[in-house]
Amino acid sequence: MPVHNPEIAETFNKYADLLEIDGANQFRVRAYRTAGRTILDLSQNLYDMVKEGKDLSELPGIGKDLANKIIEMVRTGRLSQMEELKKTVPIELLDMMDIADLGPKRIARLHQELGISTIKELEASAREKKIRELPGYGEKIEQAILDDITRKGKARGSKERLKLSAVESATESLLSYLRKIKGVKKVTAAGSYRRRMETVGDVDILVTHTGDSDVMERFVKYEDVDRIIAKGETKSTVVLRFGLQVDLRAVSGESYGAALHYFTGSKAHNIAIRQMGVKKNLKINEYGVFKGKKRIAGKTEEEVYEQVGLPYIEPELREQRGEIEAAREGRLPRLIEIRKIRGDLHSHTNNTEGRNSIEEMAEAAQKKGYEYLAITDHSKRLSMTHGLDEKRLEEQIEEIDRLNRKLKDFTLLKGIEVDILEDGSLDLNNSVLKKLDLLVCSVHHKFNLSQKKQTERIIRAIESSPVFTILGHPTGRIIGEREPYDVNMEQLMKVARDRNCALELNAQPERLDLNDIYCKMAKDMGVMIVISTDAHSTAGLDLMRFGIYQARRGWLESNNVLNSRNGKELQELLKK
DNA sequence: GCCGTTTTCGGCCCGACTGTTTTCAGTCG
């Protein structure tokens with residue numbers, strides 16, 4: 001079984017943690033983490049790259065040494081150096097890294113002085129009040145450790161990242177609460193929330209205010225606050241009732257842009273920008289851009305970028321995935337905006353598992369200003385959704401034709417979300433499929449085929465489809481619940497490009513499939529993307545914004561997105 | 001361990017808050 005990129009990245013990260021506890025050089029530790037990051041951002045499989053003999057040391061942050069370690073992991077599935085280190089630094093110590101206030105230094109001390117290796121032993125020592133005896137420790141840290149162990153015992157995985165959609169409403173309510181406080185001027189959510197990442201670990205909020213406002217006081221007294229982790233003049237941290245951590249930072253108007261840039265991240269992007277600053281003899285922090293002691297910029301983000309010779313970079317691009325080089329060379333993308341979307345190409349009705357009728361869906365889409373909506377109910381294999389067989393699909397086609405004669409300036413497209421069976425054939429006969437405008441072809445079962453079989457299965461479906469084809473949620477992943485199935489995406493995209501098949505970016509917040517990295521890959525390879533809501537009700541059509549966020553993170557411009565075309569252009573493309 | 005628009009050796013991003021201290025280490029982002 002080939003090793004996957006995330007496993008290699010994970011091994012590097014674990015090794016970095018162990019090294020840190022072992023007291024290794026911090027820059028060596030950082031090198032492993034940087035490499036882990038690079039690997040996670042890779043669109044290509046390291047396994048394939050090694051097989052093809054590609055030079056891994058050309059990847060950023062990966063030199064000769066780490067390249068060889070990757071090759072070892074691909075070939076043997078393990079890292080011998082890791083096994084060595086584990087002999088002196090027990091791997092169980094890493095579990096303690098999740099405990100609040102415990103980091104590598106304190107864990108090393110607990111291990112050396114008290115012989116603690118597991119969370120169980122840690123808890124016992126804390127209860128026996130042994131930890132407070134150690135130099136640098138005290139009662140409060142001991143208690144904080146105990147509290148955190150108890151809390152985590154109750155709610156395992158409470159530190160998990162939450163889906164963007166899940167934090168959106170809580171964050172927006174908090175923002176409007178803060179905006180109403182007297183003396184508060186600007187309030188902005190920064191961090192991964194502003195970069196529109198599919199999941200958010202915590203929310204960073206930035207405020208500017210007149211010096212005499214009591215914004216920090218009011219923040220920690222917000223009704224949804226469960227506990228306060230820190231409270232200071234310029235920075236406070238709380239945890240809200242459903243587990244979301246929120247940081248609030250207060251800065252002066254002079255520093256607003258620098259702070260916004262700083263707290264928006266990503267960390268990797270910020271580091272790269274600050275390094276560019278260092279080369280120009282500038283110090284960049286959250287208060288501004290400084291030449292010696294003199295602040296020369298910081299009021300807006302544009303000013304900060306200008307100082308390092310770059311144009312403004314959109315938050316969604318700030319991931320250190322080539323955006324700085326693109327900015328320098330004047331080839332930043334003009335990211336797609338939601339107002340460019342002219343229709344939705346994946347929706348369900350109450351003929352299968354949807355809630356609303358075709359007519360209601362059409363009305364809702366029209367109300368959004370769309371020119372078209374594709375009705376794509378499930379096919380018969382998905383019996384639990386009461387999927388359509390050939391006869392019922394024929395009836396639906398007739399119903400849509402009838403409705404289209406009534407509709408003005410709006411077209412219902414006839415489609416189906418047809419199951420791709422295990423052998424790559426489609427779930428319905430071609431005789432009825434060819435009467436449709438388009439197919440959304442999706443995999444809904446047999447997720448665990450080998451990469452080769454899964455890829456061949458999907459390619460066969462694309463090649464045998466009698467009309468325009470969209471590959472629905474192309475990796476099948478459900479965020480936090482189901483891993484993507486194993487496909488050779490490069491091969492798939494090549495076929496899609498050559499056969500004029502589009503790949504879907506499914507806007508359901510738990511799917512967002514394709515992910516950002518694959519969106520960029522599709523763009524680079526010239527594959528058309530469709531952003532679809534997969535709506536199961538009229539309200540579901542509103543999920544489009546999540547698809548747009550992901551598309552922007554994937555560098556997509558409106559000309560990369562099929563449903564930014566108007567009705568006429570689309571109809572012509574579908575006929576090809 | 002990586003990397004080079006001052007460099008193949010000597011650098012490697014920056015600051016707030018807390019707890020334990022009496023000037024700072026550790027954690028966190």
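Here is how names work: the chains are called A, B, and so on, in the same order as the sequence lines, proteins then strands, and each is numbered from 1.
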Have a look at A:R28 and say if it touches a base, only the backbone sugar-phosphate, or nothing, with a 4.0 Å heavy-atom cut-off. base
Is A:T234 near enough to B:dC17 that one of its side-chain N or O atoms lies under 4.0 angstrom from OP1 or OP2? yes
Whole angstroms only, please: what is the CG-P distance between A:L134 and B:dG19? 18 Å
Rounded to whole Å, please give me the gap between CG in A:L59 and P in B:dC3. 10 Å
Provide, to the nearest angstrom, the distance between the CD atom belonging to A:E139 and the P atom belonging to B:dT21. 11 Å
Rounded to whole Å, how long is the line connecting atom CG of A:L56 with atom P of B:dC3? 13 Å
Listed nucleotide nearest any side-chain atom of A:N285, set B:dC12, B:dT20, B:dG15: B:dG15
Sticking with atom P, work out how far B:dG26 lies from B:dT21, rounded to a whole angstrom. 13 Å
Closest to the side chain of A:D65, out of B:dG15, B:dC14, B:dC2, is B:dC2
Would you mind checking if A:R196 and A:E316 are paired as a salt bridge, meaning a charged N to carboxylate O distance below 4.0 Å? no
What interatomic distance, in whole Å, is found between C1' of B:dT7 and the corresponding atom of B:dC2? 13 Å
With the side chain defined as heavy atoms from C-beta on, A:E286 is closest, among B:dT27, B:dC12, B:dG15, to B:dG15
OP1 or OP2 of B:dT27 versus the side-chain N and O atoms of A:Y137: is any pair under 4.0 Å? no
Can you tell if the side chain of A:K231 reaches within under 4.5 Å of the side chain of A:F219, non-hydrogen atoms only? no
Using the closest heavy atom to pick a nucleotide of DNA chain B for each, name whichever of A:Q245 or A:Y32 lands nearer the 5' end. A:Y32
Tell me: CZ of A:R30 to P of B:dC14, nearest whole Å? 10 Å
A:I62 near the nucleic acid: base, sugar-phosphate alone, or nothing, with a heavy-atom cut-off under 4.0 Å? sugar-phosphate
Fit a plane to each ring of A:Y177 and A:Y222, take the angle between them on a 0 to 90° scale, and name the class: parallel (under 30°), tilted (30 to 60°) or perpendicular (over 60°). tilted
Stacked cation flag A:K186 on A:Y256, 6.0 angstrom / 45 deg: yes
Using heavy atoms to find the nearest nucleotide of DNA chain B for A:Q81 and A:D204 separately, return the residue whose nucleotide is more 5′. A:Q81
Expressed as a whole number of angstroms, how long is the span from A:D202:CG to B:dA16:P? 18 Å
Picking from B:dT20, B:dC14, B:dG1, the nucleotide nearest the side-chain atoms of A:K283 would be B:dC14
Tell me whether B:dT7 sits syn or anti, counting syn as a glycosidic angle within 90° of 0. syn
Roughly, in whole Å, what's the span from NZ in A:K267 to P in B:dG15? 14 Å
Distance-only donor-acceptor check, side chains A:E323 and A:H269, under 3.5 Å: yes
Roughly how far apart, to the nearest Å, are B:dC17 and B:dT23 at atom C1'? 16 Å
Please name the nucleotide paired to B:dG15 by Watson-Crick or G-U wobble geometry with both distances under 3.5 Å, or report none. B:dC28
OP1 or OP2 of B:dT5 sitting under 4.0 Å from any side-chain N/O of A:K280? no
For the side chain of A:Y287, counting heavy atoms from C-beta on, which of B:dG29, B:dA16, B:dT20 is nearest? B:dA16
In whole Å, what separates the C1' atom of B:dC12 from that of B:dT8? 15 Å
Applying a 4.0 Å non-hydrogen cut-off, can you work out what A:P135 is touching in the nucleic acid: base, sugar-phosphate, or nothing? nothing
Hey, is the side chain of A:Y262 pairing donor to acceptor with the base of B:dG29 inside 3.5 Å? yes
Spacing of the P atoms in B:dA16 and B:dG10 (rounded, Å): 32 Å
Counting any heavy atom closer than 4.0 Å, what does A:A272 reach on the DNA or RNA strands: base, sugar-phosphate only, or nothing? nothing
Ring of A:Y518, cation from A:R553 - is the NZ or CZ under 6.0 Å from the centre and inside 45° of the axis? no
Pair A:K69, A:Q81: side-chain N/O donor-acceptor within cut-off below 3.5 Å: yes
Picking from B:dC2, B:dG29, B:dG15, which would you name as closest to the side chain of A:A31? B:dC2
With P as the reference atom in both, quote the distance from B:dT5 to B:dG1 in angstrom, rounded to an integer. 23 Å
Pair A:S255-A:E286, side-chain donor/acceptor within less than 3.5 Å: no
To the nearest angstrom, the CD-P distance between A:Q26 and B:dG11 comes to 14 Å
Where the side chain of A:L66 is defined as all heavy atoms beyond and including C-beta, which of B:dG1, B:dT27, B:dG29 is the nearest nucleotide? B:dG1
B:dC28 and B:dT20: how far apart are their P atoms, nearest whole angstrom? 15 Å
